[in-house]
Amino acid sequence: MSGNARYNGKESFDDWQKEWEIEDRYNFKSIEHKWQKIWEDEKVYKVEIDKSKEKFYALVEFPYPSGAGLHVGHPRSYTALDVISRKKRMQGYNVLYPMGFDAFGLPAENYAIKTGVHPAVSTRENIANFTRQLKSIGFSFDWDRSFATCDPEYYKWTQWMFIQFYKHGLAYKDKMAINWCPSCKVGLANEEVVNGCCERCGAEVVRKDKEQWMLAITKYADRLIDDLKEVDFIDRVRSTQINWIGRSEGAELEFDLTDNSGADLGKKMVVYTTRPDTTFGVTYCVMAPEHKFVAELMEKFENADEVQKYIEEAAKKSELQRTSDTTKTGVELKGIKAKNPYTGSLVPVFISDYVLTGYGTGAIMAVPAHDQRDYDFAKVFNLPIIQVLAGGDISEKAWEEDGLHINSGFMNGMDKKEAMAAAIKYAEDNGFGHAKVNFKLRDWVFSRQRYWGEPIPMVYCEHCGWQPIPEDQLPLKLPEVPDYRPNDNGDSPLANATDWVNTTCPKCGGHARRETDVMPNWAGSSWYFLRYCDPHNDKEFASKEALDYWMNVDWYNGGMEHTTLHLLYSRFWHKFLYDCGYVPQSEPYHKRTSHGMILAANGEKMSKSRGNVVNPDDIVNNYGADTFRLYEMFIGPFDQVAMWSEESLNGVYRFVAKVYSLFKKVYKTEPSENDLRAMHKCILEVTERIDQMKFNTAVSSLMTYVNYMSDLPKVPAELYAVLLKLLSPFTPHLAEEMWARMGYNTFIVAESWPKGDAKLAEDNVVTLGVQLNGKMRGTITIAKNADNKVAEEAALKLDNVVRQLNGKPVKKIIVVPNRIVNIVA
RNA sequence: GCGGGUGUGGUGAAAUUGGUAGACACGCCAGACUUAGGAUCUGGUGCCGCAAGGUUUAAGAGUUCGAGUCUCUUCACCCGCACCA
């Protein structure tokens, strides 16, 4: 311990307790204001690169600064990593724990449409409010590193990165059917569609053909799965990402299309299958209604009218209708057949909307005996079902388990592995197919037909095509527009800013038009953690030195809802920067954890419409930031949902107030053996439990320790000092205040974390349970690590044991040292 | 359908990973005290029973000297994904 000027030389604290005029009442308001001001004035949490220390980069997802202000859910994550950051600092790490704002997005724009207030203005106000709220809770953020993604100095680099994507061919413009939210009037990425609805407003998503900027995330699909091995993500995050990327291994096979007589039509229909080995069971093929061969061969179909009608109906269906109704519909393409390249047999070809145009090749070979969807379709159209895998009964449903191959020519008798290899080899040898890996993941639709986002730094020239704007002209700032409303055609409000739109081509100098779509709000958040490393750099997005020192993020906590959005996007984005040599590692985050949501007391989600939102300001005002923080940690297991309870909160308040008043009993006395045992137990438990994110039980340990001290007539100063240190990550204001009152003139946040001694924490007597035939019959208290004989004898002497034994002979006695004695009779 | 998870008192939850189930809190009950304070303090509190005792971790079976924990079966709930061939 250091700097204990007042404390030194005093036998008790009585004298100077008078000086401090200890108030009976725990006045959290004055304590918290006082320390928040001191921390801010003295920049206690400012960090710089310090190569003499090991760094620790803790990160929480930065909030969208909504007009509603902070939600009580936000501080759950922020407090957790604040606790970890503060502990790491005390353990000697150089800790970077930053905070900023993900400030582009629709609510600010919708607010502008309603009120006419420029999004930049309302966003700035909201950021000020969020900052005030965050500061009132006493987080140890380095505020000097704060920024918002809508700052031009920041989005300059977002735009610059987009240009790098473009230069490497990973940003491209494509016309395709995308998900369109008719309510937000904006195109959405696949990840933003939940159950066929817009994740933001819930409106049903429709398909719309639009020219869109795309980012080729699918090029990284393999690495996004494989590199999960290198990082320490909790299982549910890992498996959700793997599932979303959806890698499947199979083969692409060519089926020649013929007329009814078997004459070749010169079209090779490529199908994708994960089971090329079941090809002898193919009894028909299906193409998606949008498949290009359908239009190209229309005149060959005897039932062209019927086919045309089906295509039109399928196009009208929304994604939701198409996927929710799983009864099979379709139309046979009469007049054509597909030739099975393995067997040479001709099978009918259908179109059906159960085959998706965007996955695989948009065409399948159907094996109804071994695929339930194909089976259902075959039943509707009365098609033959040929079993090629032994073992199942296909009279009621498809046999989707494995079995040895039958009716399969050269594959007969083979198991799945063998037959797969044989089928692919046969296809390769005969030049009609090859192994192929497919993904569910689609490229990232990157254009948004809105205003409040980063302008896409591209211009279109009649002669030169799309051109990135020169990098020295970045940032390309958002222009002022008179009207923020998007229109139904799908044009961005920027399209109305004609002065801005019309520009010159950077290549030929001729007339050109700017891209008027903006980037999605996921753009700015894809690399913000890099900017924290060097936030004021105007030459680079961050210096190599800063990135080398701080990256990667050691511990990142955030919501599960971002697993297939922000978390996936930013990993992809970072890998691209890595491939370009701009960042030192290929994975941005080492450890990823996730917190559970906080629900209202009745288990419902907190929402304005339900009127059950708890405002953090009220809690800070009524109970204090320290109680609020501690309660958020005590509320329940960190990774599970928790329900807000004002009563529990009050219990935590009582504990905090108890710590305050306990100070009156603190004296400079030597701790007893028992005192030290309680202290070291607490140190060990709290240390371990913080690391494991078992915050609720870490708080329990602290409570047990305080209960122990409460029973003492005089609390030794050493015990109280250790309590303050252990408590300081949770309740930093109170810890700092009492630390000062003890006479230390240092910041407790700069003190070292106490070291627990397992030897001193050990009990010297233990109470063992005594069982008779596995049933608890009593307990014995004996010396720790006593000989088994001692335990046996004590156990056999127990009244209850004697009575229950009733003279029966003892067969054997099992003694687990310091745990239990079990007498078997 | 696939993937992940959860199930323990009136409530939120613990349980050293196979060894005294219910720590720590909330609530409740009884009492004390008071400069009526967000009071505080003391004792009690899984269930049945006056007690001895019995019984108890969603239900059932199994392994074991011993199971909340391991295995199997069943049920319930939550969260993702979903006609991805």
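None of these values were measured; they are calculated from a predicted model. All chains are named by letter (A, B, ...) in the order of the sequence lines, taking the proteins before the strands, and each is independently numbered beginning at 1.
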Atom P, compared across rU40(B) and rU56(B): separation rounded to whole Å: 38 Å
Within 6.0 Å of CG in Asn764(A), more than 12 heavy atoms from elsewhere: yes
Gln640(A) has its side chain closest, among rU20(B), rU6(B), rA85(B), to rU6(B)
In plain terms, say whether Glu61(A) and Arg592(A) are close enough for a salt bridge, that is, a side-chain N and a carboxylate O under 4.0 Å apart. yes
Assert: residue with more 5' nearest nucleotide on RNA chain B, out of Thr704(A) and Gly774(A), is Thr704(A)
Within the structure, does a side-chain N or O atom of Lys694(A) lie under 4.0 Å from either OP1 or OP2 of rA23(B)? no
Should the side chain of Lys328(A) and the base of rC83(B) be counted as holding a donor-acceptor pair, with the cut-off at 3.5 Å? yes
Can you see whether Tyr310(A) engages Thr329(A) through a side-chain donor-acceptor pair at a distance of less than 3.5 angstrom? yes
How is Asp353(A) classified with respect to the nucleic acid when contacts are heavy atoms under 4.0 Å: base, sugar-phosphate, or nothing? base
Tyr272(A) has its side chain closest, among rA85(B), rA13(B), rG4(B), to rA85(B)
Which nucleotide wins on minimum distance to the side chain of Asn822(A), given the candidates rG66(B), rC83(B), rG54(B)? rG66(B)
Any side-chain N or O of Tyr623(A) less than 4.0 Å from the OP1 or OP2 oxygen of rG38(B)? no
What nucleotide, of rG19(B), rA85(B), rC26(B), holds the atom closest to the side chain of Val816(A)? rG19(B)
Between Lys789(A) and Asp787(A), does any NZ, NE, NH1 or NH2 come within less than 4.0 Å of an OD or OE carboxylate oxygen? no
What is the nucleic acid contact for Ser645(A), judged by heavy atoms within less than 4.0 Å: base, sugar-phosphate only, or nothing? nothing
Can you tell me the distance, in whole Å, between the CG atom of Leu649(A) and the P atom of rC24(B)? 21 Å
So what does Arg689(A) touch, heavy atoms closer than 4.0 Å: a base, only the sugar-phosphate, or nothing? nothing
Between Leu772(A) (CG) and rU20(B) (C1'), how many Å, whole number? 15 Å
Under 4.0 Å between a Lys/Arg side-chain N and an Asp/Glu carboxylate O for Arg247(A) and Asp222(A)? yes
Between rA85(B) and Ser248(A), is there an OP1 or OP2 to side-chain N/O distance shorter than 4.0 Å? yes
Do any side-chain nitrogens or oxygens of Arg777(A) fall under 4.0 Å of OP1 or OP2 in rG54(B)? yes
Electrostatic pair Lys681(A)-Asp763(A), nearest N-O below 4.0 angstrom: yes
With a 4.0 Å cutoff (strictly under), does any side-chain N or O of Asn243(A) reach OP1 or OP2 of rG4(B)? no
Taking OP1 and OP2 of rU40(B), is either one under 4.0 Å from a side-chain nitrogen or oxygen of Lys658(A)? no
Sugar-phosphate only, base, or nothing, as touched by Phe28(A) at under 4.0 Å among non-hydrogen atoms: base
Scan Val770(A) against the nucleic acid and name what it touches under 4.0 Å (heavy atoms): base, sugar-phosphate only, or nothing. nothing
Heavy atoms under 4.0 Å, any strand shown: does Gln771(A) hit a base, just sugar-phosphate, or nothing? base
Nucleotide nearest Phe634(A) (side chain, heavy atoms from C-beta), chosen from rA14(B), rU20(B), rA25(B): rA25(B)
Apply the syn/anti split at 90° from 0 to rU56(B) and say which one it is. anti
Is Asn800(A) touching bases, backbone alone, or none of the nucleic acid, heavy atoms closer than 4.0 Å? sugar-phosphate
Arg819(A) has its side chain closest, among rG19(B), rA14(B), rG27(B), to rG19(B)
Report the distance from atom CG of Leu662(A) to atom C1' of rU40(B), rounded to the nearest whole Å. 14 Å
Base, sugar-phosphate or nothing for Gly636(A)? Non-hydrogen atoms, less than 4.0 Å. nothing
Answer yes or no: does a side-chain N or O of Arg654(A) lie under 4.0 Å from OP1 or OP2 of rC26(B)? yes
Using a 4.0 Å heavy-atom cut-off, does Ile635(A) contact any base of the nucleic acid, only the sugar-phosphate backbone, or nothing at all? sugar-phosphate
Grab the CG-C1' distance between Leu568(A) and rC81(B) for me, whole Å please. 14 Å
Hunt down the Watson-Crick or G-U wobble partner of rU57(B), both distances under 3.5 Å, from any strand shown, or write none. none
Between rG53(B), rU20(B), rC65(B), which one does the side chain of Arg803(A) approach most closely? rG53(B)
Rounded to whole Å, please give me the gap between CD in Gln692(A) and P in rA14(B). 13 Å
Charged N to carboxylate O under 4.0 angstrom, Lys694(A) versus Asp639(A)? no
Starting at CD of Glu199(A) and ending at C1' of rG80(B), how long is that distance when rounded to a whole Å? 14 Å
Considering only the P atoms, how many Å lie between rA15(B) and rU34(B), rounded to the nearest integer? 42 Å
Between Lys416(A) and Glu401(A), does any side-chain N to carboxylate O distance fall below 4.0 Å? no
Syn/anti state of rG68(B) by chi, 90° boundary around 0: anti
Are the side chains of Val367(A) and Thr273(A) in touch, meaning some heavy atoms are under 4.5 Å apart? no
When the C1' atoms of rG5(B) and rA85(B) are considered, how many whole Å apart are they? 29 Å
Without decimals, in angstroms, what is the distance between Phe439(A) CZ and rA85(B) P? 12 Å
Identify whether any heavy atom of Arg238(A) sits under 4.0 Å from a base atom; if not, whether one sits that close to sugar-phosphate; answer base, sugar-phosphate or nothing. nothing
With centres under 5.5 Å and planes under 30° as the test, does Phe655(A) stack with rA25(B)? no
Nearest to the Asn707(A) side chain among rC83(B), rG3(B), rA25(B), which nucleotide is it? rA25(B)
Of Arg442(A) and Asn818(A), the one whose closest nucleotide on RNA chain B sits nearer the 5' end is Asn818(A)
Listed nucleotide nearest any side-chain atom of Thr697(A), set rA15(B), rG12(B), rU6(B): rA15(B)
Can you check the distance between rA14(B) and rC83(B), where both ends of the measurement are the C1' atom (answer in whole Å)? 45 Å
Atom CE of Met560(A) and atom C1' of rG3(B): how far apart are they, to the nearest Å? 11 Å
